[in-house]
Amino acid sequence: MTDYMDVIKNAVIGGKHGEIKGLVQKALAAGFDPNALINDGLIAAMDVVGKDFGTGKIFVPEMLVAAVTMKSGLDILKPLLVGDQAQSRGTVIMATVKGDLHDIGKNLVSMMLEGAGFKTIDLGVDLSVERLLDKVREIKPQVVGLSALLTTSMPEMRRVIEELGAQGIRGSIKVMVGGAPVDRTFAAKIGADGYGANAAEAVELARRFMCQ
Ligand code: B1M
């Protein structure tokens with residue numbers, strides 16, 4: 001039997017954009033679990049890509065093609081993760097903070113939240129504090145989820161939390177943060193309500209917020 005997990009991982013690493021959708025479809029037909037394909041195939045591949053970029057083995061164009069390839073793979077898996085939203089568990093606003101264009105992790109968290117029954121409004125990347133605050137006032141979500149992949153964009157998370165406080169709306173909103181350089185200590189230091197190491201933890205956190 002073909003080990004589609006390895007084939008898919010290598011396809012993302014190699015930026016085989018034209019092949020990935022077919023490979024994911026074949027893996028599903030062969031009985032591979034969608035969540036495993038995401039975690040052990042697509043995400044595992046991006047870890048390798050990140051390391052190769054860090055060591056200078058590859059450069060931004062290769063990293064970009066790998067990201068596009070991963071997104072195409074996710075497109076096939078997304079409908080399988082999104083569940084019944086007839087009864088919304090609550091509203092979550094998701095965004096990647098100002099100065100940061102990385103959106104794969106944030107998209108994954110949004111997908112999993114939707115799958116868990118949350119109404120999820122994804123505001124995209126490079127989101128300014130001002131625009132986010134406007135949206136919070138308009139939508140009145142229970143949870144704001146912030147993603148950052150760059151150490152240089154992490155301080156924007158603190159700015160969002162401070163501004164929510166300055167506008168007098170911090171008390172009615174839970175803020176969760178995540179992204180590769182973020183950790184629990186940083187989350188506590190900036191006054192976030194919680195930190196998710198991955199999409200599953202983010203969903204768990206959002207569920208807990210709804211019970212508080
Ligand atoms: Co960039 N990049 N990148 N990049 N990139 C990193 C982050 C880097 C670590 C690579 C490296 O050096 N090894 C490095 C950052 C170093 C640092 O800050 N210390 C880096 C750099 C330097 C850059 C540029 C500056 C490169 C340049 O131009 N010279 C540039 C910056 C652009 C900008 O943002 N202003 C840049 C650009 C890019 C691309 C555009 C080419 C592309 C992004 C494409 C896209 O997202 N549409 C890209 C990519 C693909 C990466 C790596 C390789 C992969 C990121 C990824 O998608 N991972 C990355 C290296 C790495 O992280 N290993 C790297 C897969 C994804 C599923 O994981 O996003 O961590 P992740 O999300 C996880 C968890 O973190 C968590 O759940 C997700 C699922 O498990 N999570 C949350 C995420 N958000 C959450 C929110 C939550 C809870 C959990 O609650 C709200």
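Both counts, for ligands and for their atoms, begin at 1 and track the order of listing.
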Got a sec, which pairs hit salt bridge (Lys or Arg N to Asp or Glu O under 4.0 Å) with one end in residues 33-47, sequence neighbours left out?
->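 Of all non-adjacent pairs touching residues 33-47, none passes salt bridge (Lys or Arg N to Asp or Glu O under 4.0 Å).
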Listed once per pair and sorted, the salt bridge (Lys or Arg N to Asp or Glu O under 4.0 Å) pairs that draw on residues 163-172, sequence neighbours left out |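 Those involving residues 163-172 are Arg170-Asp193.
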Counting only heavy atoms on the protein side, is anything nearer than 4.0 Å to atom 17 (C) of ligand 1?
->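 It does: a protein heavy atom is found less than 4.0 Å away from atom 17 (C) of ligand 1.
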For the pair Glu62 (side chain) and Phe59 (backbone), establish whether a donor and an acceptor sit closer than 3.5 Å, ignoring hydrogens and angles.
->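 Indeed, once roles are kept as given, a pair shorter than 3.5 Å links the two residues.
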Check: Arg137 main-chain N/O paired with Lys140 side-chain donor or acceptor under 3.5 Å |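 Present.
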Give a yes or no on whether a salt bridge exists between [X] and [Y], defined as a side-chain N under 4.0 angstrom from a carboxylate O.
| X | Y | answer |
| --- | --- | --- |
| Glu204 | Arg207 | yes |
| Arg89 | Glu114 | no |
| Glu130 | Lys135 | no |

May I ask which of [options] has a heavy atom nearer to [atom] than the others do?
| atom | options | answer |
| --- | --- | --- |
| atom 33 (C) of ligand 1 | Leu101, Val92, Asn107 | Leu101 |
| atom 76 (C) of ligand 1 | Ala197, Ala206, Ser110, Gly105 | Ala197 |
| atom 70 (O) of ligand 1 | Ala180, Ala192, Gly196 | Ala180 |

If you measure from each non-hydrogen atom of [X] to ligand 1, which part falls under 4.0 Å: side chain, backbone, both or neither?
| X | answer |
| --- | --- |
| Thr151 | both |
| Val177 | backbone |
| Leu42 | neither |
| Leu64 | both |
| Pro181 | neither |
| Lys71 | side chain |

Just need the protein heavy atom nearest to atom 50 (C) of ligand 1, so name the residue and atom and give the distance.
-> Met46 CE, 3.4 Å
Not counting sequence neighbours, which residues clear salt bridge (charged side-chain N to carboxylate O under 4.0 Å, His left out) with Asp126? List them please.
->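 If we apply the salt bridge (charged side-chain N to carboxylate O under 4.0 Å, His left out) test to Asp126, skipping adjacent residues, the hits are Lys98.
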Start with the C-alpha distance between Ser72 and His17, add both sets of side-chain angles, then the distance that settles side chain to side chain donor-acceptor pair (under 3.5 Å), and finish with yes or no.
-> CA-CA 7 Å; Ser72 295; His17 180 237; 3.1 Å; yes
Any side-chain heavy atom of Val97 within less than 4.5 Å of one from Ser147?
-> no
Starting from atom 1 (Co) of ligand 1, count all protein N, O or S atoms within a radius below 2.8 Å.
->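 There are 1 of them.
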